[in-house]
Amino acid sequence: MRTNLLRAFGVPVVALLACTAGEENIQLDCPEAMVLGEPLAVRARGMMPGGAYTIVADREDSLGRRWLSRATFEADATGMIEPARQRPAEGAYRDFDGLGLLWSASLAEPTPDDWQPPPPRDFSEIHLRVETADRQEAAACTVRQWIRPPGIHSEGWGESSSAELFLPQQRPATPLPAIVFLGGSGGGRGWATRMAGLFAQRGYAALAVAYFRSEGLPEHLAQVPVETVFSAIDGLQKDPRIDDQRLALMGYSKGAELALLVASRRPEIKAVAAIAPGSSVFQGFKPPKFPTLSSWTIDGVDLPFVPNAYDQKFFETFDGMYLWYRTLAQHEAVEEAAIPVEEIAGDILLVSGVDDRIWPATAMAEQIVARLYLAEFEHRVQHLAFPEAGHGIAAPPGEPTTDVAARLGGSAAGNAAAREQSWRALEQFFTQSLSAP
C-alpha cells in the first residue's frame, strides 16, 4: 500500500533484496525507473571489504531475446560497490562508465546473419543481480528503463498516420520551441518517434515525421516529395502552442540529407542537427530494378542527384563502401547536386562516425563544413567526428551497442561513447540555438 502511494506521487522506490552469506548482508539498491539516456544509478552494499563480486545486467528485447552483461568489481573499505564510480576488475567493459553495464550487453544466443533490430517499445526491464565468487546470487533488483517517457502527451498530426506530435507533460504558458525528426532509410517514423518522445520530456514540442513507407507516402526511398516535410513545418507555424520563431530539424542518415535540404529552402528553420549526413542529393532506392531516379522531388520534379557509380567489381563483391567512394568521385555530379547548406538560416550540428560502414558520413560532413567555410557562413557550425564509431550513433546512450558495431561499423565501446557524447551535444545545441526568438 505504501509503495503504491509513493509511486502515485512520483517518489522513487528503491528495490532491495538481502541475503546472508557468511558475515555478509548484501543489498542491491536501484531506482524503480529511469529514462533512456540516463546513467545506471546502482549501488551494492553489505559486502566483505576487498572482496570480488560480479554485477550482472539481464534484459529481454521485444523479440524475446536475452541480452546479458557482466562486470566484476572489488568492494571498497566500506563493503560497497558503485559501478558508476568504479572501474571493473574484469568483465564486458573495463573503464569508469555509468552506462557500461547497459551498452556492453550481448545476445545470450548467437545472432543470425539476417538479424534486424527488434521493434521499439515504451520501456525495457533490466534485471540486475550481485553474484559472489562462486556465482551464487546474493541480491537482485529490477529497473524499468523508459524509452517513451510516461506522462508525455502525443497526438496524431495531419490527415494520415505519417506524423505524431509529442508535447511535455507540464507545458508553460508561452509557446514551445519545436523540433521535427526525420529517420533514416528504414522508413516510417520508428527512430523519429523514439527521439521525439525523449526531447518532449526536455521541454520541446517534438514532431516525428515519416516521409516514406507510411500511409499515403511512397513505399520506397525514391522520388519522395519534399513537400511532406514542408507541410509539417507549415502546420507547426499555424499551431498556437508552437513558437514559430524557434523551429528546428534533426535527421539521421537519409533523414539528415533531407533535413539539410529542407532547411536550405525554409528560412524559418533556425537550427539543424544532421547525424551521419549526406552532402548532396543522391540516387533513390527502388527495388527490384533500381531505376536511376532522384531520392527527392519538389512539385513532382526530380531534384538533381548523383547517380550510383555501379561497375563490375561492385556486382562481384557487393562492397557498399566501394560503391559510395566511386559515387562520390563523380565530382561534377556531386557539385551539381550539392545541398546548398549556405542558404540555411540557422546553426548546424553535424555528427558522424569515422568507421561508418553504410556510407562515408565523415567525408560528406567535411564537404558540408568546407562549403560553409567558403561561403563565410554566419551561423554556428560544429562537426563531431568519432573515430571508433560507425553508422549506429544516432541513438541516446543506454542500450546495447555490441550488435551495432558488428553491423554498422566502429567498436561497441566507441559507439557507446559517441552516443553519450553526441547526446549531450545535441541537448546543448538545441538549448543554445532555440533559447530565444
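The first residue of the sequence shown is numbered 1, and numbering continues consecutively from there.
You'll find the side chain of Ile368 reaches within 4.5 Å of the side chain of Leu260, heavy atoms only. At least one side-chain heavy atom of Cys141 sits less than 4.5 Å from a side-chain heavy atom of Leu128. Here the side chains of Pro218 and Pro225 are in contact, with some heavy-atom distance below 4.5 Å. Here the side chains of Val404 and Arg419 are in contact, with some heavy-atom distance below 4.5 Å. Side-chain atoms of Val180 and Leu236, non-hydrogen and from C-beta on, do get closer than 4.5 Å to each other. Looking at Glu227 and Ile298, their side chains come closer than 4.5 Å, going by heavy atoms from C-beta outward. For the pair Arg266/Ile344, no side-chain contact is recorded, criterion being any heavy-atom separation below 4.5 Å from C-beta on. By the 4.5 Å heavy-atom criterion applied to side chains, Leu434 and Thr431 are not counted as neighbours.
Here Met80 contributes atom CE and Phe73 contributes atom CZ; the two are 14.0 Å apart, rounded to the nearest 0.5 Å. In this structure, CD1 in Ile339 is found 8.0 Å from CZ in Phe282, a value given to the nearest 0.5 Å. Distance check, rounded to the nearest 0.5 Å: CG of Asp319 to CE of Met321 gives 8.0 Å. Here the CD1 atom belonging to Ile55 is positioned 6.0 Å from the CG atom belonging to Leu28, to the nearest 0.5 angstrom. Rounded to the nearest 0.5 Å, atoms CG (Leu247) and CD1 (Ile269) are 5.0 Å apart. Of the inter-residue distances, the one linking Ile147 atom CD1 with Leu36 atom CG reads 6.0 Å to the nearest 0.5 angstrom.
Ser280 contributes a side-chain N or O that, together with a main-chain N or O of Val334, makes up a donor-acceptor pair within less than 3.5 Å. A donor-acceptor pair is defined here as one N or O able to donate and one able to accept, closer than 3.5 Å; such a pair exists between the side chain of Ser294 and the backbone of Leu303. Although no hydrogens or angles enter the test, the distance criterion places a donor-acceptor pair under 3.5 Å between the side chain of Glu38 and the main chain of Val35. The closest donor-acceptor contact from the side chain of Ser231 to the backbone of Thr228 lies at 3.5 Å or more, if one exists at all. Not one N or O on the side chain of Asp58 forms a donor-acceptor pair closer than 3.5 Å with the backbone of Leu68. The backbone N or O of Ser411 sits nowhere less than 3.5 Å from a side-chain atom of Glu388 that would complete a donor-acceptor pair. Side-chain atoms of Asp97 never come within 3.5 Å of backbone atoms of Gln86 as a donor-acceptor pair (strictly under, hydrogens ignored). Distance alone, capped at 3.5 Å, is enough to place a donor-acceptor pair between the Thr402 side chain and the Ala105 backbone. Between the side chain of Lys270 and the backbone N or O of Pro267 there is at least one donor-acceptor pair closer than 3.5 Å. Of the possible polar contacts, one joining the Ser69 side chain to the Leu101 backbone as a donor-acceptor pair under 3.5 Å is found.
In this structure, Ala276 and Ala361 approach most closely via the heavy-atom pair CA-CB, 3.6 Å. Contact between Ala208 and Ala196 at its shortest, heavy atoms only, is CB-CB, 4.1 Å. Taking each heavy atom of Tyr322 and Asp311 in turn, the nearest pair found is OH-OD2, 2.5 Å. Across Gly203 and Leu176, no two heavy atoms sit closer than the pair O-CD2, 3.5 Å. When all heavy atoms are compared, the tightest approach of Ile152 to Gly197 is CG1-O, 4.1 Å.
Residue Glu125 qualifies as enclosed at atom CD: its count of foreign heavy atoms under 6.0 Å is above 12. Environment of CD in Glu378: sparse, with no more than 12 heavy atoms of neighbouring residues, nucleotides or ligands closer than 6.0 Å. Heavy atoms from other residues, nucleotides or ligands lying under 6.0 Å from CZ of Arg121 number more than 12. At most 12 heavy atoms of other shown residues, nucleotides or ligands fall within 6.0 angstrom of atom CG in Asp299. Atom CD of Glu316 has more than 12 neighbouring heavy atoms from other residues, nucleotides or ligands inside a 6.0 Å radius.
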Mind listing the side-chain donor-acceptor pairs of residues 346-356 below 3.5 Å, one per line with the distance, residues two or more places apart or on another chain?
{"residue": "Asp347", "atom": "OD1", "partner": "Arg380", "partner atom": "N", "Å": "3.1"}
{"residue": "Asp347", "atom": "OD2", "partner": "Arg380", "partner atom": "NE", "Å": "3.3"}
{"residue": "Asp347", "atom": "OD2", "partner": "Arg380", "partner atom": "NH2", "Å": "3.2"}
{"residue": "Asp347", "atom": "OD2", "partner": "Ser433", "partner atom": "OG", "Å": "2.8"}
{"residue": "Ser352", "atom": "OG", "partner": "Thr362", "partner atom": "OG1", "Å": "2.8"}
{"residue": "Ser352", "atom": "OG", "partner": "His383", "partner atom": "NE2", "Å": "2.8"}
{"residue": "Asp355", "atom": "OD2", "partner": "Arg357", "partner atom": "NH2", "Å": "3.3"}
{"residue": "Asp355", "atom": "OD2", "partner": "Gly410", "partner atom": "N", "Å": "2.6"}
{"residue": "Asp356", "atom": "OD1", "partner": "Ile358", "partner atom": "N", "Å": "2.8"}
{"residue": "Asp356", "atom": "OD1", "partner": "Trp359", "partner atom": "N", "Å": "3.1"}
{"residue": "Asp356", "atom": "OD1", "partner": "His391", "partner atom": "ND1", "Å": "3.1"}
{"residue": "Asp356", "atom": "OD2", "partner": "His391", "partner atom": "ND1", "Å": "2.6"}

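Ring pair Phe199/Trp423 is perpendicular by interplanar angle, where above 60° counts as perpendicular and below 30° as parallel. Note: Tyr310 and Phe314 have tilted aromatic rings, judged against thresholds of 30 and 60 degrees for the angle between ring planes.
Under the 4.0 Å criterion applied to side-chain N and carboxylate O atoms, Lys238 and Asp234 are not assigned as salt-bridge partners. Salt bridge Arg59/Glu399: absent, no basic N to carboxylate O contact under 4.0 Å. Electrostatic pairing of Arg189 and Glu164 counts as a salt bridge here, judged by a charged N lying under 4.0 Å from a carboxylate O. The residues Arg70 and Glu131 are annotated as salt-bridged, a charged nitrogen and a carboxylate oxygen being separated by less than 4.0 angstrom. Between Arg202 and Glu427 there is a salt bridge, since at least one side-chain N of the basic residue sits less than 4.0 Å from a carboxylate O of the acidic one.
Residues Arg148 and Ser154 bring a donor and an acceptor atom of their side chains to less than 3.5 Å of each other. Using modelled atom types and a 3.5 Å distance limit, the side chains of Trp67 and Asp61 yield a donor-acceptor pair. Counting only N and O atoms by type, the side chains of Ser185 and Ser253 include no donor and acceptor under 3.5 Å apart.
Screening Glu343, Glu366, Glu335 for a salt bridge (charged side-chain N to carboxylate O under 4.0 Å, His left out) involving Arg371 leaves a single residue, Glu335.
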Next item on the list: Determine, step by step, whether Leu374 and Glu342 satisfy the side chain to side chain contact (heavy atoms under 4.5 Å, CB included) criterion, reporting the C-alpha distance in whole Å, the side-chain angles of both residues, the deciding distance to 0.1 Å, and the verdict.
Entry: CA-CA 9 Å; Leu374 292 174; Glu342 67 276 8; over 6 Å; no
Next item on the list: Kindly determine whether Arg171 and His153 satisfy side chain to side chain contact (heavy atoms under 4.5 Å, CB included), including the steps that lead there.
Entry: CA-CA 10 Å; Arg171 294 195 291 277; His153 172 75; 4.2 Å; yes
Next item on the list: Start with the C-alpha distance between Val229 and Leu258, add both sets of side-chain angles, then the distance that settles side chain to side chain contact (heavy atoms under 4.5 Å, CB included), and finish with yes or no.
Entry: CA-CA 9 Å; Val229 186; Leu258 179 57; 3.8 Å; yes
Item checked: Verdict with supporting geometry, Val209 and Phe181, side chain to side chain contact (heavy atoms under 4.5 Å, CB included) -> CA-CA 6 Å; Val209 176; Phe181 294 86; over 6 Å; no
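Contacts of Arg241 classified as side-chain contact (heavy atoms from CB on, under 4.5 Å), with partners at least two apart in sequence or in another chain: Glu155, Trp157, Leu165, Leu167, Asp239.
Taking the ring centroids of Phe230 and Trp296, they lie at or beyond the 6.0 Å cut-off.
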